[in-house]
Amino acid sequence: MKKLAKYLLVLVLVLLLAGWLLLSVFDANQLKKPVLGWLNEHTALDLTVGRLEFNPLHPYTLLAEDVRLGDWFSARQLYLQLATLSPLSGQTRIATLDVIDGKLQLDNATELALPDNLANITIDELNTKNLSLTWNGWEARGADLTLNQWQPRREGTWQWWSDLEVDGQLRQLSHPSLNMAQINLAGRISQQQLMLDRVQSRLFDGLFDSAVILNLPARELTLNEPQFSHNKLQFERLPRLDKDWTVLLNRGQIKDVSITSPALTANGIIGDIRYLEWQGGALPEARGTWQASEAVLDWLRLDNHQGQLLSSREQLGLTLRGKAYQGTFDTELRWYPQQGRLDIDNLQLQDNKLNWQPDLYWPVPDVRIHKLNLNQGELLSLDPKLPLSLLGGELFIADLAWSAAQWRPLSELARLEGSWSEIAFDSLIARHGHFNARLDDTRLLLDKLSTDALDGRINLDGSIGLYSPHQGKLRLEGKELELRRLSHWLQAERDFSGQLDINADLAGAIRQPVSWEGSLALDGRDIFIEKLGLDEWLKHRLGEDYRRPTRVDPILAALDLEQSDGFIYRADLKGPVKQGNWQLDGSAVQSVRHLLAVRGALNFAGSWQLELGAVNDKGCRELAMRLSEHWQAPRLRLHQPSLTTPCQPWYKGPVPYPAAGLPGGLLEAVRKLKSGD
């Protein structure tokens, strides 16, 4: 009996040794081909494996290398350790599943058709090492994640968003408008929502820290108490949200954030976002406060300032206060993007120095100004076509709107008021000015404009129509205006100087001179005109024989006038304006030695029909001149009419005969002077 037991023990040892030797030389790769062939034929998995390591002594452990599943998943290594396998009951429990250097393309993923004996799959722990994942424009790289207590398949149905716990790191997460790096996360999936208690990462060269809830079925992203620090946001265009998505943000903090984009640039932003709800295709509903060291929106530049945001889906409300253009500002704005409209509820500007650029334009098609107040402003135009500067500017605007390239009132209180210490247009300067204006549905009404200009005083009032043909009324009064400054500003071919008073009362369409009606009076004194020797020219004409009306070449007459300079003691030109014709009567020009009376009409469209007369000390005309046709190509006729005794005065006006004028008859006196020479 003892010998039998000995033989049986030896046999068992031999069998164990033979089994051990057999298993030691067992190659699981020999079973790979038939097993994968059967799986792909019956499950449509399209699975390939490069190498298998499997020991029957450890049937619940498997290592596979170079694994590929269709065109959407691959891994350098898969390590699988089963906890239980009950094919008859359809229960499969995986203790550990490790995915090394995996690549997952969810856009190409297909539903896995598994047999019924794999109806329920539970994974106690899933680990990834250097996983890459792409989905709908998103790409995650270097994901080292741990998922616990995950049941991806239940009763034959895949449930990828079943409850689980997750923590780990991602090296990079990118999107066309977002780039995050060095991401640490910890949380869970519950009720088909990814709930991360904390996410820390590098975001746009800065830091991001937040609790995150991603509800993928509802397409909703929630950030709770997010913190953005030292981020440098750079956009080729401002980000847009898909219409099906919603972003929620609660109690966010911003610290030293900058924004760079074609439309907006801002630096040193610090602030709080109390809440934000942003749905694609509309403005976010939001409320928050911030301050920034600078902000540039197109041509608008703000320095240190504070702001408040109150936004709804239809409008963006902003309150801003701070420094800009070397002064201060305080404003309340509302922006309606669907209407392309900006409402300026209140804008206060103090001590600002503004620059007008040649390419400056207003990008908003519809602007409504409810209240604007500018105090002690300065303006300097850098446009060579607009040589303008302003000092000590004051401006008040109420209830005005700009739309369709046209100003219009918002109420019956629509008005403008302004003043300035000095305003210069090229070399033309006006000081100590003030104006009041109103706007109704059809007209701009200028109640008063008064300023010191040309070393004199100008008062102006009237109205102009807002729509073509721009019917207007003008009342202008200028006292003691210095023509020398006007000469420099006009850069005329002939310098001139002197003093001028002007009174005008005109009405008509601005671009239709033929419609002008009213009156115009010019009263000039001590006027010097370069190369307009009126006295010498009249002296020569009086000494010639024009007993018969004679047509004279105006070019030759102009050349004679240029031989010397002219001085006019007084010029009095006045008369009514009818149908664009200034009808002169009782007008005269007093030179050093002659009195030239003027009658006829001067057409504002560019022609004239004037009768001029060199009169003697009795007011009788001894040299008649007729100017006709266009100003630039006139016709000139001279005539020495016969005088009766006593002669009939041709001029009875306020301008006296010059003290140095020739006494008696002009023709006789001039000829005596010539014979004396």
Side-chain angles (χ1 to χ4, degrees), residues 494 496 522 524 527 529-575 581-604 606-644 647-658 660-662 664-671 673-674:
R494 294 180 174 89
F496 56 88
L522 303 177
I527 300 173
I529 305 176
E530 183 184 33
K531 295 182 180 181
L532 191 67
L534 182 61
D535 278 323
E536 287 297 317
W537 189 84
L538 289 174
K539 175 183 175 182
H540 294 156
R541 300 296 84 78
L542 288 169
E544 296 172 353
D545 186 1
Y546 292 105
R547 285 176 291 182
R548 293 183 179 180
T550 304
R551 182 176 175 181
V552 177
D553 188 341
I555 297 178
L556 294 178
L559 289 175
D560 288 345
L561 283 170
E562 292 180 358
Q563 299 307 307
S564 61
D565 299 330
F567 188 84
I568 297 174
Y569 282 124
R570 186 176 177 188
D572 186 12
L573 305 175
K574 59 186 177 182
N581 290 302
W582 185 17
Q583 299 177 349
L584 300 173
D585 193 9
S587 299
V589 173
Q590 181 197 67
S591 65
V592 176
R593 305 192 67 174
H594 295 92
L595 182 61
L596 189 66
V598 184
R599 295 181 183 178
L602 192 150
N603 190 287
F604 293 146
S607 63
W608 48 18
Q609 294 289 335
L610 292 179
E611 296 287 344
L612 300 94
V615 299
N616 55 30
D617 53 1
K618 304 297 183 183
C620 301
R621 184 171 63 164
E622 296 195 32
L623 177 63
M625 291 163 279
R626 181 180 179 84
L627 277 172
S628 60
E629 304 297 337
H630 198 272
W631 300 347
Q632 297 179 348
R635 299 182 68 177
L636 176 62
R637 191 186 68 172
L638 300 180
H639 177 53
Q640 296 169 349
S642 300
L643 298 180
T644 60
C647 66
Q648 294 294 323
W650 198 74
Y651 173 73
K652 295 180 180 180
V655 181
Y657 193 75
L662 298 175
L666 294 178
L667 297 178
E668 182 179 354
V670 168
R671 288 166 185 168
L673 287 174
K674 291 183 66 176

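Just so you know, residue 1 is the first one in the sequence shown, and it goes up from there.
Under the 4.5 Å side-chain criterion, counting only non-hydrogen atoms from C-beta, N603 is not in contact with W631. Looking at L538 and M625, their side chains come closer than 4.5 Å, going by heavy atoms from C-beta outward. Side-chain atoms of N581 and L602, non-hydrogen and from C-beta on, never get closer than 4.5 Å to each other. Looking only at side-chain heavy atoms (C-beta outward), V615 and R621 come within less than 4.5 Å of each other. A 4.5 Å side-chain heavy-atom check between L643 and L667 finds every atom pair outside the cut-off. P634 places none of its side-chain heavy atoms less than 4.5 Å from the side chain of E629. Put simply, the side chain of D560 reaches to within 4.5 Å of the side chain of R541, judged on heavy atoms. Put simply, the side chain of D572 reaches to within 4.5 Å of the side chain of R570, judged on heavy atoms.
Exactly one residue among L542, I568, L534 makes a side-chain contact (heavy atoms from CB on, under 4.5 Å) with H594. That residue is L542.
With sequence neighbours excluded, the residues forming a ring pair (Phe, Tyr, Trp, His ring centres under 6.0 Å) with F567 are Y569, listed by chain and number. Partners of F496 under the ring pair (Phe, Tyr, Trp, His ring centres under 6.0 Å) rule, at least two apart in sequence or in another chain, do not exist in this structure.
Between the side chain of R494 and the backbone N or O of K531 there is at least one donor-acceptor pair closer than 3.5 Å.
Counting heavy-atom neighbours within 6.0 Å of E562 CD, excluding the residue itself, gives a total above 12.
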